[in-house]
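What follows is one structure encoded as structure tokens, with my remarks underneath.
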Amino acid sequence: MRKNTDNVVLCGSNGYEKKYYFNEDFAELPESIQKELQVMCVWFTEECGGILTLEFEEDGSLEFCHTTSEYDGYYDEIGADLKIKQYRQERRELLESLELYYRVFYLGEDIEACGQQTEHEEQAE
């Protein structure tokens, strides 16, 4: 549940304020992907509580960051960790595509180099 201010926030949901945020820097993403991200974030905070943000780290990896108010006795940290694991498994292709998109269009990496790195990562698993 760490928070790094150098990360670029893609989107997030606040269960306390019942609000969803989408970074307009990514407005060129297809509407269907934007909606899927919204559903993921809002569903997470409805089920687990707290605040969830999806953030790109410096290397382009997409991280789920969840936080809670210290006074929130209803927050389900174990459930939150399990929900993130579920999202990573069920939405793996979407998450990997978003990472590739960020690395190419925002970090300026070569798409072929990114593709080769992804293949090596898959072989390692």
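Keep in mind that this is a model prediction, so the values were computed, not measured.
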*Should the pair F26 and F56 be assigned to parallel (<30°), tilted (30 to 60°) or perpendicular (>60°) ring geometry?*
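Ring orientation of F26 relative to F56: tilted.
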*State whether a side-chain donor-acceptor pair under 3.5 Å links T68 with Y16.*
yes
_Side-chain donor-acceptor contact under 3.5 Å, E28 with Y101_ = yes
_Determine whether a donor-acceptor pair (N or O, by modelled atom type, separation under 3.5 Å) exists between the side chain of S61 and the backbone of E57._
no
*So, does E63 use its side chain to make a donor-acceptor pair with the main chain of E55 at under 3.5 Å?*
no
*asked:* Exactly one of V39, L37, L52 should register a side-chain contact (heavy atoms from CB on, under 4.5 Å) with Y20. Which one does?
replied: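 Passing option: L37.
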*SG on C41 to CD on E36, rounded to 0.5 Å*: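 The CD atom of E36 sits 11.0 Å away from the SG atom of C41.
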*Nearest 0.5 Å please: distance from the CG atom of N23 over to the CD atom of Q34.*
10.5 Å
Quick one: are [X] and [Y] in side-chain contact, heavy atoms under 4.5 Å?
| X | Y | result |
| --- | --- | --- |
| L29 | F22 | yes |
| W43 | Y87 | yes |
| F44 | S13 | no |

*Determine, for R103 against E99, whether the closest basic-nitrogen to carboxylate-oxygen distance falls under 4.0 angstrom.*
no
_Can you pull out every salt bridge (Lys or Arg N to Asp or Glu O under 4.0 Å) where at least one residue sits in residues 7-22? Sequence neighbours excluded, please._
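Found K18-E46.
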